[in-house]
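So you know, we letter chains A, B, ... as the sequences are listed, proteins then strands, and number each from 1.
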Amino acid sequence: MDKVYAPHEIERRIYERWESNGWFAPSGKGTGYSIAIPPPNVTGTLHMGHAFQHTLMDMLTRYHRMRGDDTLWQPGTDHAGIATQMVVERQLNAQGIKRTDLTREDFVERVWKWKAQSGGTINGQMRRLGDSVDWSRDRFTMDEGLSKAVVETFVRLHEEGLIYRGKRLVNWDPVLLTALSDLEVESEEEEGSLWHLRYPLEDGSGHLVVATTRPETMLGDTAVAVNPEDERYIKLIGGKLRLPLTDRLIPIIADTYVDPAFGSGAVKITPAHDFNDYEIGQRHELPMINVFTPRAAMNENVPTRFQGLDRFEARKQVVRELDEAGLLERIDKHKLMVPRGDRTNSVLEPYLTDQWYVKIAPLAEPAIKAVEDGRTRFVPENYSKIYFEWMRNIKDWCVSRQLWWGHRIPAWYDEQGGVFVGRDELEVRAKFEIPASTKLTQDTDVLDTWFSSALWPYSTLGWPEKTSELARFYPTSVLVTGFDIIFFWVARMMMFGLRFMGDVPFRDVYITGLIRDELGDKMSKSKGNVIDPLDIVDGIDIEALVAKRTSGLMQPQMAATIEKNTRKQYPTGMAPHGTDALRFTFAALASPSRDIRFDLARVAGYRNFCNKLWNAARFVSMTVGETAPAPGPTELSVADRWIRSRFSRMLEQFENALREYRFDFAATALYEFTWYEFCDWYLELTKPVMQSETSSEAAKHGTRQTLAEMLEALQRALHPLMPFITEEIWQLAAPLAGRKGETVMLQPFPASGEYPRDADAEREIEWIRSFILGVRQIRSGMDIAPSKKLAVLLSGTLAATETGSDTFAATGGVSASDRARIEKHRPYLERLGGLESITPLVAGASAPQSATALIGELTILVPMAGLIDADAEIERLTKKIEKTRLDRDKIAKKLANENFVKNAPPEVVAQDRERIAEFERTLASLEAQLARVRSLKGDQ
RNA sequence: AGUCGCGUAGCUCAGUGGUAGAGCACCUCCUUGACAUGGAGGUGGUCGGUGGUUCGAUCCCACUCGCGACUACCA
């Protein structure tokens, strides 16, 4: 084995072996456990957020697989309608081709080609991350089976009256030329203006001032509304206004929607271009005048001179003409929320079109109830509030998109505009008895991407067929995802799953935080702070990193800033850390309901941990040899018993943590056990046994066996989190421990109960640790070289009258139990403390000038002759005394409060009394020692 | 405007009604045969502020300051 763990060498080889052996597939035995992957965009790449979520999913998957569950992690990708179409359009544009230059079929063909070309990226990344998904079941939302599920769902919902087509206002993207759902709208506060316009009264007796943020829409006004209570305008209600720039007369209506305190208290009503106005229009049966083309230029319904103008040009011209006509009262600065498309960032228009909608209330109700009843549980729990909040105010879902890439809506039209929904044209003709002579054309729209995503947990398992997989793996066990798609995805899976499967799609929903950069900013390409998870794994030099971050920017002018920041943050690029270190970092940082500021130093720490584990394995193999210890008489040392006991406790902690999705606790339990107990103490404690000529063969045998057993079992415990290094070490450790098997990933997860708890061993080792710690503190405090062997003396608190004078003379008042311990553990104490001897201070002999440590009743004296600086010892003691006094006083104060003594639970009071006594003893001893050192110093 | 979070060591974060924790950073010492990606020891915090409940509050409650996220129709 190499001295330093080199992840790169082994990770690919190991994954290849796992995959080619088909070990990721469900075993077909045991309880079903399943996770459906949140399908990433097929043409995208995985970012840190994916890597984070995948780590948690893989950890759960590997753990349950090892527990013997029939475990499926279902992989797949999403066609991501708008996002993918935009990418391909951009590529075409770069070649000077417009999408509309191609036929729909040609364009879709190109998208499929792009998918084939780029679609492997994600799967490649997942393999590097160690994701143990069942590749044989890989799915794509546009593949045949899933498309069938989409059509089936649409048709059934339509049959049940839960899908309808209607002409309404939708959020229209004038760049993409498609409708969007409410969720795809991102409103941002922007600086704008509030224009106060004068609308002349019909009789010429004056004018009414209306305030608007969108003057260009005035060409489509069909009324002006005031509040019915508004004294100023009450007499005008029912009258008419002459709409400037047009020849139309529009009514003044009363509606309580109008807030008299805002603007002028009079609102122009444009039912075809504003959601509120639309509703007012419905209430008052106002005509709707659409003044925009789909690209948001002015259409034929406005005066000729405005026709064809872009909306923002039209705005300027409208304002100018009104101003010239003396109809512009004033312009106020005004902040307003501007709706923008989440993909194009273009300003959206409320626009009147025919679209397909899912009637959502009947679907939402059971989905709310399922969470209320705890059939699906959010972790952390407070996300259920966000879910409820949205579900209770949910509006119908516009599912049609005017795109080319996606699932075509299964609806056909005849030439009279009749609409027929069915699974295909044949079915439609049969069902509605439409003769072959009648021409039918299919709806040209596609469905919202999230429509197919909503079916994911069961469509991937073969629905609408009744498959054995559905029976076995639905509902899935847990969904791991980010809060940002609770509405987009989680809620919709709940609604559809309950409707079509009659049960929730997942038992638990674990919501992860967001991975942010080291400054707490969201990672995004445009900010140039994105980290590719594989760059952390493999490392990347600074030039390559800068190139990566500054290429293909939407705003190339940002490149210089991005380069500067990148060079500052990563002067030498990133070192390779390996997948296991990255995974460990994600788990350790996965505290509930908290975003993660990603810190590369943390990964380096866990890379060191990998190296530590690696070297522990080296040590074990050097100590044990290359084969399992031959059978023979075996004696387990106190350390051997102790490490098993501690391992048992750690496993319990780990499993409890994982049950509650506390990946951070689970990781910490593994880390602390491995480093602080197994490496720091157990391996050290084996040395006195193994490297001594006096220890028995049986004892050596027991230690060898324990070393092999623990190393092997530890790999299994660590495997779900660190799959690669544990596989590599396990291959070496398994034979030593006499365990057979081809791979650690299919071995049973170690059970806490297999390793006996041993309270006695834990007590003994605790005592040994404090003894050694005491010596080390003196050594360090007194600046004694580690290589210098010390001869320590002991004294106890027993008096001659208690022990008999002879015994006292020989033992220095050290209690029998301490003496027994010292004898029993002498090799440990001498070796780990760097001691040459441990002898009781002979009674009567005056104690030499020493530094001391207290272990309960036992005092360890390190003679100072030639070693120790008395001043340093005085300083050390003074410091210790001060600290002990503070601790004592704090408790003394508490105990002095009679209410505390009266009201606190007796065990708390008793415990404090005990502690104070302990502090008093320590203090007395420290003070005596201080006095001694002082007086001896005086003698010098 | 409403809803939900967050404020603990220099930094990033755990945590508990009863002795404040980790990683990184920092200081001192150490190339001792697993590991310098290491070992040993150490420094460092009136737990955002004020008030209340309690024998006791970093934790529970109220108010307050600061930060963030989400939702929403103010023309």
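Across all strands, A:D599 comes closer than 4.0 Å to no nucleic acid atom at all (heavy-atom distances). Counting any heavy atom pair closer than 4.0 Å across all strands shown, A:F483 reaches sugar-phosphate atoms only and no base atom. Within 4.0 Å (heavy atoms only), A:R597 reaches sugar-phosphate atoms of the nucleic acid but no base atom. Nucleic acid contact for A:M337: base, since at least one base atom lies under 4.0 Å from a heavy atom of the residue. Residue A:Y606 is out of contact with every strand shown, counting any heavy-atom pair closer than 4.0 Å. Residue A:E389 is out of contact with every strand shown, counting any heavy-atom pair closer than 4.0 Å. Counting any heavy atom pair closer than 4.0 Å across all strands shown, A:I596 reaches no nucleic acid atom. Within the 4.0 angstrom heavy-atom criterion, base atoms lie near A:F262. Residue contacts shown for A:W675 are limited to sugar-phosphate atoms, with no base heavy atom under 4.0 Å away. Nucleic acid contact for A:R662: sugar-phosphate only, since backbone atoms but no base atoms lie under 4.0 Å from a heavy atom of the residue. Among the heavy atoms of the strands, none lies under 4.0 Å from A:K902.
Relative ring orientation between A:H334 and A:F262 is described as perpendicular, the plane-to-plane angle rising above 60° on a 0-90° scale split at 30° and 60°.
Here A:H577 pairs with nothing under the ring-ring contact (aromatic ring centres under 6.0 Å, His included) rule; sequence neighbours left out.
Within a heavy-atom distance below 4.0 Å of RNA chain B, the residues of residues 890-898 of chain A found are A:K890, A:N897. Residues from residues 676-688 of chain A that place a heavy atom under 4.0 Å from any atom of RNA chain B, listed by number: A:Y676, A:C679, A:D680, A:L683, A:E684, A:K687.
Between A:F378 and A:Y383, a ring centre-to-centre spacing not shorter than 6.0 Å is recorded.
Pairs engaging residues 266-284 of chain A under the salt bridge (Lys or Arg N to Asp or Glu O under 4.0 Å) rule: A:D221-A:K268, A:D255-A:R283 [sequence neighbours left out].
With a cutoff of under 4.0 Å to any heavy atom of chain A, the contacted region of RNA chain B is bounded 5' to 3' by B:C4 to B:A75.
Nucleotides B:U71 and B:A9, compared at atom P, are 32 Å apart to the nearest Å.
Although no hydrogens or angles enter the test, the distance criterion places no donor-acceptor pair under 3.5 Å between the side chain of A:T222 and the main chain of A:L286.
Remark on RNA chain B: of its neighbouring residues A:K883 and A:A211, the 5'-side contact belongs to A:K883, judged by nearest-heavy-atom nucleotide.
In RNA chain B, the stems built from three or more successive Watson-Crick or G-U pairs (distances below 3.5 Å) are B:1-7 with B:65-71, B:10-13 with B:21-24, B:26-30 with B:38-42, B:48-52 with B:60-64.
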